[in-house]
Amino acid sequence: YPLTSIPDYYGIDALLTEEHKLIRQSVRDWVESFVMPNIDEAAQNHTDLPNLMKELGKIGALGPYIPEEYGGSGLDQISYGLIMQELERGDSAVRSAASVQSSLVMFPINEFGSEEQKKKYLPKLASGEMIGSFGLTEPNHGSDPSSMETYFKDMGDHYLLNGAKMWITNSPLCDIAVIWAKNEEGKVQGLIVERGMEGFTTPETHNKWSLRASKTGELVFNDVKVPKENLLPNVTGLKGPLSCLNSARYGISWGVIGAAIDCYCTAVQYSKERKQFGKPIGGFQLQQKKLAEFLTEITKAQLLCLQLGNLKNDHKASPAQISMAKRNNVKMAIDIARESRQILGGMGIMGEFPMMRHAANLESVITYEGTHDVHLLITGLDITGINAF
Ligand code: TGC
Ligand code: FAD
């Protein structure tokens, strides 16, 4: 479909700056040339796109809001959102790679790290020379990370780390992992674990039907000696990892609009070309209802994200506001992926079209970074003041 058919039904572009539009265009061009032609094969074969992280580094998609002195671009939150949107138009795996590196690895090092840690890791993470992963979830504790069992002990000249993390994006590829574990007082703290440390392994999780162009695995710590300088010194408690999630969830709210746009544009074009009963299927009311509802939902999601981005730029976005956007927009996108697949009939199940891939990917997106139900409970708590977890 022509890029000019990408919807801007409420003229939201008028609210963006020239810089925003340039950034969006450059990422859009890269996705068109690097991701779109290769993603079906990667997903079908369960392989990642070659040199993905370095390519993302080259286009400035890693840590775009990290200060320039540490290798970032010092961009605002709307720019970050637009980058995520364009990447996920290509595939959620590509957005996931950028989300984890930016919001879950660079963000905590920038916010909670020492000056030495920032200088050592951030520039290499920004260029994609180094790949990071983020370990919060454990085999026995997903939605409830405060019950985590991974722990570390102070051994005088180093920490001794034991435990395991599960479902970790890019674990098999990572050079470093920002992981969250309990200290001897039971308080959560962040540690930077490096590949090569004895006792640290990263087994891959095979046979996923979702995010097939992204690697997922475990982080296993068996008496790992972590140097003391690898502790993130400036945060203690669950608010450390949860602050990272605020940033990643915000990016996902934008990202999934991209997946929805890809499905919508494909469905519009197909419905005008495919004829049944002597006329284009886009001429039947039932198909028009679907297309009209897709456009309505995409437009609402765009407006939600733009205002959330404004709040975020002013440091006023609350975690509950971010939860609302993540929950609403992911559901919007997964519904559009599923319904638009039907518009293509049998062709909708084929790899030549993006719907099945997006729909399958979004099954992970609706689960990770807080499940659909967890985000509803966060909104419920914000309304009533009563914790229903
Ligand atoms: P609770 O007692 O409410 O809070 C504990 C402390 O944390 C503070 N806090 C937050 N701080 C910053 N941002 C937030 N969003 C925060 N939410 C809470 C809170 O103020 C408190 O601070 P303090 O100073 O009083 O100690 O915590 P809880 O144990 O009741 O849990 C709350 C709950 C359920 C909402 C939270 O744990 C949660 O969000 N669970 C979902 C877990 C989750 O989202 N995991 C994601 C793992 S990472 C991932 O999925 C990456 S996918 C990457 C990809 O490929 O894109
Ligand atoms: P559970 O917490 O066991 O939840 C199971 C079901 O119970 C869900 O439907 C949930 O909504 C529901 N439920 C739970 N508690 C309640 C409640 N109180 N009330 C009502 N219902 C409830 N994690 C990381 O740390 N780093 C990563 O990089 C990462 N990448 C991921 C990549 C992929 C592809 C996937 C699938 C997951 C990834 N995750 C990652 C883990 C992800 O964050 C967790 O899967 C998610 O938080 C849910 O945890 P769980 O799978 O243990 O489900």
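If you're wondering where the values come from, they're calculated on a predicted model, not measured in any experiment. Ligands are counted one by one from 1 in listed order, and the atoms in each one are counted from 1 as well.
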Check your understanding: How are the rings of Y270 and F353 set relative to one another: parallel (under 30°), tilted (30 to 60°) or perpendicular (over 60°)?
Key -> perpendicular
Check your understanding: If you measure from each heavy atom of G142 to ligand 1, is any distance below 4.0 Å?
Key -> yes
Review point. Should S143 be listed as contacting ligand 1, given a heavy-atom distance under 4.0 Å as the test?
Key: yes
**Study point:** Side chain proximity check, L245 to L136, heavy atoms < 4.5 angstrom
**Key:** yes
Review point. Any non-hydrogen atom of V365 lying under 4.0 Å from ligand 1?
Key: no
Check your understanding: Using 4.0 Å as the upper bound for N to carboxylate O, is an ion pair formed by R327 and D373?
Key -> no
Review point. What is the closest protein heavy atom to atom 18 (C) of ligand 1, and at what distance does it sit?
Key: L242 CD1, 3.3 Å
Review point. Short N/O distance, under 3.5 Å, between T169 and ligand 1?
Key: yes
Practice item. Identify, for atom 45 (O) of ligand 2, the protein heavy atom at the shortest distance, and state residue, atom and that distance. Key: T367 CG2, 3.9 Å
Check your understanding: Quick one: does K208 get an N or O within less than 3.5 Å of an N or O on ligand 2?
Key -> no
Exercise for review: Check step by step if side chain to side chain contact (heavy atoms under 4.5 Å, CB included) holds for D76 and K312.
Suggested key: CA-CA 9 Å; D76 74 347; K312 208 145 187 316; over 6 Å; no
Check your understanding: So, are R338 and E363 salt-bridged, with charged N and O less than 4.0 Å apart?
Key -> yes
Check your understanding: Considering only heavy atoms of L211, which atoms of ligand 2 have at least one such atom less than 4.0 Å away?
Key -> 34 (C)
Check your understanding: Are any of the protein's heavy atoms under 4.0 angstrom from atom 11 (N) of ligand 1, yes or no?
Key -> yes
**Study point:** atom 42 (C) of ligand 1 touched by protein (heavy atom, under 4.0 Å)
**Key:** yes
Check your understanding: Between Y121 and E194, does a side chain to side chain donor-acceptor pair (under 3.5 Å) hold up when you go through it step by step?
Key -> CA-CA 11 Å; Y121 300 110; E194 298 184 21; 2.5 Å; yes
Practice item. Would you check the N or O atoms of T137, main chain and side chain alike, for any that come under 3.5 Å of an N or O of ligand 1? Key: no
